[in-house]
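One structure is given here, and the rest of the page talks about it.
Sequence lines set the chain letters: A, B, ... in the order given, protein chains first and strands last, and positions in each chain run from 1. Since the structure is predicted, the reported quantities are computational estimates derived from the model, not experimental observations.
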There are 2 protein chains.
Amino acid sequence: MDAQVLDQTFAALADPTRRAILARLASEKRGVGVMELAAPFAMSLPAVSKHLKVLERANLISRGREAQWRPCTLEPRLLKEAANWIERYRELWEERFDQLDSVLEQLQNPQDN
Amino acid sequence: MDAQVLDQTFAALADPTRRAILARLASEKRGVGVMELAAPFAMSLPAVSKHLKVLERANLISRGREAQWRPCTLEPRLLKEAANWIERYRELWEERFDQLDSVLEQLQNPQDN
DNA sequence: ATATTATTTCACCATATGGCTAATTAACTG
DNA sequence: CAGTTAATTAGCCATATGGTGAAATAATAT
């Protein structure tokens, strides 16, 4: 509901690296270290570190301490908030598909008009 | 599915002015002009014009021409794409609520353990 | 032709973002 | 203690973002 929260959430999601990191974390129960998260990307470790900081400040991930590792864990709570916000538009995009359906129907059965 | 599309969509949603504009357009069947869209905001017309350009380039709105007005219309198609992306995490946040539920249950019925 | 209304473009400014390398901190290991 | 591994911080750069006021464009109205 809070505008700032949605700002941070959507801004955090507006980057392919960060979305990939979230996807990776979604498929792991355990916390995942930075090296491991960074491996698939053609970018430096500090760059990934920055992305993680963005995700952390947006409260989309949390980080622990385990020896010299900082394992990251997905925090899906605010994803739910973002989903809730978008869901308010669901009836609009479904309505639009209904309209498209009737257009297609007319194209196939022009005698209907 | 396209990463760039999600980039643009989420980036466009990461601003309260733009989300408010979308909300306004969602509640109107007719196209809405720029002056009218700008009215609620404490910012200049060029600023609103810029926001509209962001929304247009993200294909979240389309714009027509009607005399000297450029009526804006909501295009919900890519909102659906964004919703689809987030939905893949639904089971995660619901699982988390399940865990919270069982925690609350334990707090209320400690004899269960 | 001139004026009015709606909207955009231009030129500017401050701040944020995403990337880099090099240096630093933190924790473990020999 | 010295060395190794993990990660962050610092300093830098290029580009993007969100705002401004002033000027330009587009269409209508007088």
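Here the side chains of A:His51 and A:Ile21 are in contact, with some heavy-atom distance below 4.5 Å.
Side-chain nitrogen and oxygen atoms of A:His51 include at least one within less than 4.0 Å of the OP1 or OP2 phosphate oxygen of C:dG19. Contact annotation: A:Ser49 does not reach the phosphate of D:dA7 (side-chain N/O to OP1 or OP2, under 4.0 Å). Residue A:Arg63 places at least one side-chain N or O closer than 4.0 Å to OP1 or OP2 of D:dT8.
Look at CD on A:Gln68: it is 10 Å from P on C:dA27, rounded to the nearest Å. The CZ-C1' distance, from A:Phe10 to D:dT17, rounds to 18 Å in whole Å. At whole-Å resolution of the value, CE in B:Met43 and P in D:dT20 are 7 Å apart. Taking atom CG of B:Leu55 as the reference point, atom P of D:dG18 lies 10 Å away to the nearest angstrom. Between the CZ atom of A:Arg65 and the C1' atom of C:dA27 there is a distance of 7 Å, rounded to whole Å. Between B:Leu45 atom CG and D:dA23 atom C1' the separation is 14 Å, expressed in whole Å. A:Leu37 has its CG atom 20 Å from the P atom of D:dT5, to the nearest Å. In this structure, the NZ atom of B:Lys53 is 15 Å from the P atom of D:dG19, given to the nearest Å.
Atom OG1 of A:Thr73 is separated from atom CD1 of A:Ile61 by 8.0 Å, given to the nearest 0.5 angstrom. Here B:Leu79 contributes atom CG and A:Leu92 contributes atom CG; the two are 8.5 Å apart, rounded to the nearest 0.5 Å.
Map A:Lys50 and A:Arg70 each onto its nearest nucleotide of DNA chain D; the residue landing nearer the 5' end is A:Arg70. Where B:Val32 and A:Ala42 meet DNA chain C, the nucleotide closest to each residue was compared, and B:Val32 sits on the side nearer the 5' end. Of the two residues near DNA chain C, A:Val48 and B:Gly33, the one whose nearest nucleotide lies more 5' is B:Gly33.
When each of C:dC20, D:dT20, D:dT8 is scored by its nearest atom to the side-chain atoms of B:Ser44, the top-ranked nucleotide is D:dT20. Minimum atom distance to the side chain of A:Pro46 is reached by C:dT21, of the listed C:dT21, D:dG18, C:dT7.
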Next item on the list: Evaluate salt bridge (Lys or Arg N to Asp or Glu O under 4.0 Å) for A:Lys53 paired with A:Glu56, printing each intermediate quantity in order.
Entry: CA-CA 5 Å; A:Lys53 186 172 288 182; A:Glu56 188 181 19; over 6 Å; no

Next item on the list: Starting from the C-alpha separation in whole Å, work towards a yes-or-no answer on salt bridge (Lys or Arg N to Asp or Glu O under 4.0 Å) for A:Arg30 and A:Glu66.
Entry: CA-CA 12 Å; A:Arg30 64 188 178 102; A:Glu66 205 169 304; over 6 Å; no

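Within a 6.0 Å radius of CZ in A:Arg65, other residues, nucleotides and ligands contribute more than 12 heavy atoms.
Interface residues of residues 13-20 of chain B facing DNA chain D, ordered by number: B:Asp15, B:Arg18; criterion, heavy-atom separation under 4.0 Å.
Here the side chain of A:Ser49 pairs no donor or acceptor atom with the backbone of A:Leu45 at under 3.5 angstrom.
If you check every strand for non-hydrogen atoms under 4.0 Å, A:Ala47 touches sugar and phosphate atoms only.
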